[in-house]
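What follows is a set of notes on a single structure, which appears directly below.
Start at 1 and go down the list; that is how both ligands and their atoms are numbered.
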Amino acid sequence: MYKKTLLPHKTIATKAGIGWIGKNNLFITPWFACSLCIGTVWTDIPIQTTGADTIPPECGVCQVCIDICEVGALKGHSWSTESNREDIITVDKCTTCIKCMVHCPWTHRYIREMLS
Ligand code: SF4
Ligand code: SF4
């Protein structure tokens, strides 16, 4: 097990129904693409909660991130709630170059909308 936690922020975010995990193993939302940093707040405050539907991955046939990853860390697997991180990425190959984030079409769309 390498750089792994029992309850990742990404798992919580997908259960909150605000996005999905792309083939680049990054959390993607329709609003901010993968250009975001997520965190989790633990609390025992008695707040009302509601269930949320999981958003399925919206990568489609795109494989930009897989093609651009120079070290071959990404495996081309489409995420589902049954997926393990290791289905998607070989973590110890990843150099955190962030090319898979920068070149994702969702990131391009976000930047276009931000600049318009
Ligand atoms: S951060 Fe770089 S090395 Fe890691 S998966 Fe993305 S493209 Fe590959
Ligand atoms: S580059 Fe394409 S395949 Fe990779 S995460 Fe973005 S949309 Fe999905």
**Element-labelled atoms of ligand 1 that are located less than 4.0 Å from some non-hydrogen atom of Cys94** = 1 (S), 3 (S), 4 (Fe), 5 (S)
**Message:** Tell me whether the count of non-hydrogen atoms from other residues, nucleotides or ligands lying under 6.0 Å of CG in Leu115 goes above 12.
**Reply:** yes
**Message:** Which residue is it: Cys104, Cys34, Ser35, Pro105? I am looking for the one with a side-chain contact (heavy atoms from CB on, under 4.5 Å) to Tyr110.
**Reply:** Ser35
**Request:** Using side chain to side chain donor-acceptor pair (under 3.5 Å) as the criterion, list what pairs up with Lys93, not counting sequence neighbours.
**Result:** none
**Message:** Taking atom NZ as the centre, does Lys15 end up with more than 12 heavy-atom neighbours from other residues, nucleotides or ligands that are less than 6.0 angstrom away?
**Reply:** no
**Prompt:** For ligand 1, which atoms have a heavy atom of Val71 less than 4.0 angstrom away?
**Reply:** 3 (S)
**Message:** What does the 4.0 Å heavy-atom contact list look like for ligand 2?
**Reply:** Gly22, Lys23, Asn24, Ile28, Cys59, Cys62, Val64, Cys65, Cys104, Pro105, Trp106
**Asked** Between Thr14 and Ile21, is a side chain to side chain contact (heavy atoms under 4.5 Å, CB included) present by the stated rule, with each step listed?
**Response** CA-CA 8 Å; Thr14 57; Ile21 297 172; 4.0 Å; yes
**Ligand-residue contact atoms, ligand 1 with Ile98, heavy atoms, under 4.0 Å** = 1 (S), 2 (Fe)
**Complete:** ligand 1 to Cys97, heavy atom cutoff 4.0 Å, flagged ligand atoms 1 (S), 2 (Fe), 3 (S), 7 (S)
**Message:** Is there a continuous path of hydrophobic side-chain contacts, each under 4.5 Å between heavy atoms, that joins Ile55 to Trp106?
**Reply:** yes
**Request:** Kindly say whether Cys65 contributes a backbone atom to a donor-acceptor pair with the side chain of Asn24 at under 3.5 angstrom?
**Result:** no
**Message:** Tell me if a side-chain donor or acceptor on His103 pairs with a main-chain N or O of Ile98 at a distance below 3.5 Å.
**Reply:** no
